[in-house]
Amino acid sequence: MNFIRYIALVLFLVLPGCSTYQPRYLDNICHIFHGETDWYEAARDAQGRWGTPIFVMMAIMHQESRFVDDAQPDRPWLLGIIPLPRQSSAYGYAQAQDPVWGEYQRSTGNSGADRDEFEDAVDFIGWYTYGSQKRLKVSKWDAYGQYLAYHEGRGGYERKTYNDKPWLKLVAKKVKRRALHYNQQMKTCKTELDDRVDGWF
């Protein structure tokens with residue numbers, strides 16, 4: 001009986017630590033990072049590696065998944081009872097599709113990267129926006145242009161496929177507004193977050 005109680009106690013202590021963080025206040029980047037400082041550290045590392053501002057990467061991620069780790073496109077159903085294949089392989093925080101995720105893994109040497117890990121997903125967004133800046137000359141601070149390139153792919157952006165999608169331009173404007181909003185909020189909590197990550201000494 002004592003052994004069973006011991007196992008139960010271990011499971012009680014360990015399993016909650018395995019749960020995935022899901023921020024409650026998606027409109028406030030300070031609340032998001034205060035709830036999971038590791039996220040801030042990962043986003044800061046991605047910014048340092050690729051040069052894309054944290055608020056741009058987080059605005060893109062918000063639009064793609066609302067920070068849900070296993071987000072996927074809705075699955076179509078035949079007659080309401082037979083599940084059909086999803087129309088896209090997009091998955092995870094960044095909604096990266098299989099081919100471009102594979103390209104990211106090969107390019108960075110991060111073969112173990114997972115799309116449902118925040119650290120890998122935010123680094124992917126930084127990597128992708130860095131590549132868009134190099135190829136398309138879209139500023140890494142330009143959330144509007146970067147989101148269009150992210151959604152359409154760099155080839156699509158070059159072909160200006162977004163011009164045939166007025167709804168997408170509206171979404172990109174939302175991403176831009178959110179990035180600006182996140183940027184203003186970050187100014188009020190960045191010092192505290194840095195202290196929490198780096199320590200007080």
Side-chain angles (χ1 to χ4, degrees), residues 14-73 86 88-133 140-141 143 146-147 149-151 171 174-176 178-183 185-199:
V14 172
L15 288 180
C18 299
S19 61
T20 301
Y21 171 59
Q22 177 60 52
R24 294 178 58 190
Y25 304 106
L26 305 187
D27 293 330
N28 192 311
I29 198 170
C30 294
H31 279 288
I32 292 171
F33 286 144
H34 278 138
E36 182 53 84
T37 310
D38 287 347
W39 278 26
Y40 175 70
E41 185 174 10
R44 192 180 68 171
D45 288 346
Q47 176 180 267
R49 189 174 298 114
W50 305 111
T52 304
I54 291 174
F55 57 87
V56 171
M57 294 186 290
M58 292 294 283
I60 290 174
M61 187 179 289
H62 174 279
Q63 179 59 43
E64 291 299 282
S65 69
R66 302 301 192 271
F67 307 112
V68 175
D69 65 323
D70 59 354
Q72 290 180 274
R86 289 185 171 89
S88 168
S89 62
Y91 179 75
Y93 288 111
Q95 287 296 280
Q97 298 191 43
D98 292 348
V100 71
W101 188 260
E103 181 185 347
Y104 162 74
Q105 290 176 310
R106 292 188 296 274
S107 174
T108 61
N110 190 7
S111 59
D114 293 320
R115 286 176 284 183
D116 55 5
E117 291 290 338
F118 178 86
E119 180 180 3
D120 294 329
V122 75
D123 192 69
F124 168 82
I125 294 174
W127 168 82
Y128 196 89
T129 51
Y130 169 81
S132 294
Q133 189 273 330
K140 287 175 281 190
W141 292 70
Q146 283 287 353
Y147 184 74
Y150 192 89
H151 187 278
V171 172
K174 284 175 55 180
V175 174
K176 177 182 178 180
R178 182 168 297 278
L180 294 172
H181 187 57
Y182 278 172
N183 184 29
Q185 291 172 335
M186 281 287 297
K187 293 176 181 178
T188 70
C189 62
K190 183 181 184 302
T191 299
E192 181 184 353
L193 289 167
D194 284 334
D195 286 339
R196 290 178 62 176
V197 169
D198 299 329

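No experiment lies behind these values; they were computed from the predicted model shown.
Using modelled atom types and a 3.5 Å distance limit, the side chains of Asp69 and Tyr21 yield no donor-acceptor pair. Counted by atom type alone, Asp123 and Tyr104 present one or more donor-acceptor pairs between their side chains at under 3.5 Å. A donor-acceptor pair shorter than 3.5 Å cannot be found between the side chains of Trp127 and Thr108. Neither side chain, Glu119 nor Tyr93, offers a donor N or O lying under 3.5 Å from an acceptor on the other.
The minimum heavy-atom distance between Val197 and Thr37, with the atom names listed, is CG2-CG2, 3.4 Å. Of all heavy-atom pairs spanning Ala96 and Trp101, the tightest one is CB-CE3, 3.6 Å. The minimum heavy-atom distance linking Phe124 with Ala94 is given by the pair CD2-CB, 3.8 Å. Here the closest heavy-atom approach between residue Arg44 and residue Asp194 is recorded as NH1-OD1, 2.9 Å. Taking each heavy atom of Phe55 and Ala179 in turn, the nearest pair found is CD1-O, 3.3 Å. Of all non-hydrogen atoms in Ala42 and Val122, the two that sit nearest each other are O-CG1, 3.8 Å.
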Apply side-chain contact (heavy atoms from CB on, under 4.5 Å) to residues Gln63 and Tyr150 and explain how you reach the verdict. CA-CA 11 Å; Gln63 179 59 43; Tyr150 192 89; over 6 Å; no

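Every residue meeting the ring pair (Phe, Tyr, Trp, His ring centres under 6.0 Å) condition with His62, not counting sequence neighbours, appears here in chain and number order: Phe67.
By the 4.5 Å heavy-atom criterion applied to side chains, Phe118 and Thr20 are not counted as neighbours. Gln185 places none of its side-chain heavy atoms less than 4.5 Å from the side chain of His31. In this structure the side chain of Val56 never reaches within 4.5 angstrom of the side chain of Lys140, judged on heavy atoms. You'll find the side chain of Val175 stays beyond 4.5 Å of the side chain of His151, heavy atoms only. Side-chain contact between Lys174 and Tyr147 is absent, with no heavy-atom pair separated by less than 4.5 Å. The shortest side-chain heavy-atom distance between Ile54 and Tyr182 does not fall under the 4.5 Å cut-off.
Rounding to the nearest 0.5 Å gives a distance of 10.5 Å between OG1 of Thr129 and CD of Gln47. In this structure, the separation between CG on Asp70 and CG on Asp114 is 12.5 Å, given to the nearest 0.5 Å. Distance CZ/Arg66 to CD/Gln22: 11.5 Å, rounded to 0.5 Å. With values rounded to the nearest 0.5 angstrom, Arg196 atom CZ is found 10.0 Å from Cys189 atom SG. Between Asn183 atom CG and Arg178 atom CZ the span is 14.0 Å, to the nearest 0.5 Å. A distance of 8.0 Å separates CD in Gln133 from CD in Gln146, rounded to the nearest 0.5 Å.
In this structure, His34 contributes its side chain and Cys30 its backbone to a donor-acceptor pair below 3.5 Å. With hydrogens and angles ignored, the 3.5 Å screen pairs no side-chain donor or acceptor of Gln95 with any backbone N or O of Ser65. When atom types are taken as modelled, the side chain of Ser89 and the backbone of Asp98 share a donor-acceptor pair closer than 3.5 angstrom.
Ring-plane geometry between Trp50 and Tyr130 is classed as tilted, the angle between the planes lying from 30 to 60 degrees on a 0 to 90 degree scale.
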